[in-house]
Amino acid sequence: MREIDGRAAAKALREEVGEAAGRLREAGVVPTLAVVVPTDDEGTAWYVRSIAKTADKVGLRCRIERLEQPGRDDIVAKLQELSADPEVHGVICQTPLPEGVQLADLGGHIDPRKDIDGANPQSLGRLAAGLRTWAPATSAAVLELLRRQGVALNGARAVVVGRSTVVGKPAALLLLAESATVTVCHSRTKDLAAVCREADVLVAAVGRARMIGAEFVRPGAVVIDVGTNPTPDGGLVGDVDYETVAPLAGAITPVPGGVGPVTTMLLLRNTVEAAELATAVGSP
Ligand code: NAP
């Protein structure tokens, strides 16, 4: 079994992003990511601080826009304001959202040129149509890890467990674009373990701690665990039962230290790309 080291992949990305951010700064442009935080959730606050810290290290500015008990219209107004601000190149909106508010609805108010986390339904549509766009960073991180591991996707059988708009669906579209044969599973899938055992590449994006056990995994399969489930002691576990699956898998991502660090770096890479496109300061 190979452990797929997300922190090492993030470090390599950090150098690439840092160089591109440096070129922009030399040209007088400070690549800027705005993060709208419509919640006082502690986990979200921790995550946003970690994005800001990483952004600072690679030469990006991160503007945190915290909203106190906002309604849908307050969040929409903030997203529109940031979309119109020429100093901002990327805009994301954190979850959890207030009761009854959907990210897909809010995402439509992020200018597609700044939609670096693929939250605007237009971005998902472009992804489905095979047009240039930014996919949601978590789904892109799945593909980035597979690519960096040299996992052959052409003709491979990929199974994605989870069909959310932010992870499962875009991950499936990205795998399809690499010519994998993709099955998407969800809570109504019959005999889930048997379907998962067909996978050469298994992506778990369920949100249920350690649900994917050894009986879901064909020996030698590559397993990407997107799940981040908080534990009572303040830690994190994935959707995959690492202890029983790792001995079987050909390669596997740990949690923490797998998909998460790469996701953060892709948010920053996409912001730099958005700044390059907006200012015509390109990479060499
Ligand atoms: P979500 O919106 O709750 O979607 C979960 C999906 O899993 C749904 O499609 C659901 O099916 C399916 N599901 C639930 N129980 C199932 C079961 N027993 N069997 C089969 N499928 C089942 O979650 P999400 O936003 O996609 O996130 C998934 C996980 O990824 C979470 O742990 C989240 O914290 C994590 N995450 C990690 C990152 C990162 O950067 N590492 C980023 C985002 C999310 P239905 O559609 O039928 O309900």
Side-chain angles (χ1 to χ4, degrees), residues 1-6 9 104 117-118 121-208 210-228 238-242 244-255 258-260 262-263 266:
M1 181 279 293
R2 257 179 306 144
E3 184 169 271
I4 302 175
D5 186 347
D117 198 20
Q122 273 191 44
S123 303
L124 191 62
R126 290 182 66 87
L127 186 63
L131 297 171
R132 206 221 156 278
T133 190
W134 290 295
T138 305
S139 61
V142 171
L143 271 287
E144 183 74 26
L145 285 167
L146 291 170
R147 189 178 65 75
R148 285 182 182 264
Q149 287 295 309
V151 176
L153 293 173
N154 194 333
R157 296 203 63 130
V159 173
V160 180
V161 190
R163 57 173 164 178
S164 73
T165 308
V166 287
V167 192
K169 258 181 233 167
L173 289 168
L174 289 167
L175 288 161
L176 192 58
E178 295 298 322
S179 298
T181 302
V182 184
T183 304
V184 183
C185 301
H186 45 78
S187 64
R188 312 292 167 87
T189 299
K190 289 189 181 136
D191 206 354
L192 180 64
V195 179
C196 290
R197 275 199 306 273
E198 290 182 6
D200 300 310
V201 175
L202 178 61
V203 178
V206 194
R208 291 182 181 253
R210 299 196 181 99
M211 190 191 98
I212 306 291
E215 70 279 21
F216 290 72
V217 179
R218 193 179 56 70
V222 176
V223 180
I224 306 289
D225 189 354
V226 180
T228 49
D239 292 340
V240 176
D241 184 28
Y242 189 92
T244 59
V245 170
L248 270 178
I252 184 168
T253 56
V255 176
V259 173
V262 178
T263 300
L266 291 184

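Atom set for the values below is all heavy atoms of this structure, side chains included, hydrogens, waters and symmetry mates excluded. Note that the numbering runs from 1 along the sequence shown for the chain.
- A distance of 10.5 Å separates OG1 of Thr244 from CD1 of Ile212, quoted to the nearest 0.5 Å.
- At a threshold of 4.5 Å between non-hydrogen side-chain atoms, the residues Val142 and Val160 do not count as touching.
- Looking only at side-chain heavy atoms (C-beta outward), Val167 and Pro136 stay at 4.5 Å or farther from each other.
- Closest heavy-atom contact between Ala141 and Thr263: CB-OG1, 3.5 Å.
- Residues Val222 and Asp200 are not in side-chain contact: their nearest non-hydrogen atoms beyond the backbone lie 4.5 Å or more apart.
- Closest non-hydrogen pair, Ile4 versus Pro254, comes out as O-CD, 3.1 Å.
- Sequence neighbours left out, the pairs with a member in residues 153-171 that pass side chain to side chain donor-acceptor pair (under 3.5 Å) are Arg157-Glu198.
- Considering only heavy atoms from C-beta on, Leu146 comes within 4.5 Å of Leu175 through its side chain.
- At a threshold of 4.5 Å between non-hydrogen side-chain atoms, the residues Leu248 and Val223 do not count as touching.
- Contact annotation: the side chain of Val255 never approaches that of Tyr242 to less than 4.5 Å [non-hydrogen atoms, C-beta and beyond].
- In this structure, Leu143 CG and Ile224 CD1 are separated by 9.5 Å, a value rounded to the nearest 0.5 Å.
- In plain terms, the two heavy atoms of Ser123 and Gly118 that are nearest each other are CB-CA, 4.0 Å.
- Atom-to-atom distance recorded for Glu215:CD and Leu192:CG is 9.5 Å, nearest 0.5 angstrom.
- The distance from atom CE of Met211 to atom CG of Asp241, rounded to the nearest 0.5 Å, is 11.5 Å.
- When all heavy atoms of Thr181 and Gly155 are compared, the closest pair comes out as OG1-O, 4.3 Å.
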Intermediate values then yes/no, side-chain contact (heavy atoms from CB on, under 4.5 Å), Val166 and Thr138: CA-CA 8 Å; Val166 287; Thr138 305; over 6 Å; no
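- Shown here are the side-chain hydrogen bond (donor to acceptor under 3.5 Å, both in side chains) partners of Arg147, two or more places apart in sequence or in another chain: Glu144.
- Residue Arg148 comes nearest to Ala9 through the heavy atom pair CD-CB, 3.9 Å, listed as atom of the first residue, atom of the second, then distance.
- Between atom CG of residue Leu127 and atom CG of residue Leu174 there is a gap of 5.0 Å, rounded to the nearest 0.5 Å.
- Inter-residue side-chain proximity for Thr253 and Val240 is flagged as unmet; no heavy-atom pair is nearer than 4.5 Å.
- With sequence neighbours left out, the side-chain hydrogen bond (donor to acceptor under 3.5 Å, both in side chains) criterion links Asp239 to Asn229.
- Considering every non-hydrogen atom in both Ala199 and Ala221, the closest pair reads O-CB, 3.5 Å.
- Atom NZ of Lys190 is separated from atom SG of Cys185 by 13.0 Å, given to the nearest 0.5 angstrom.
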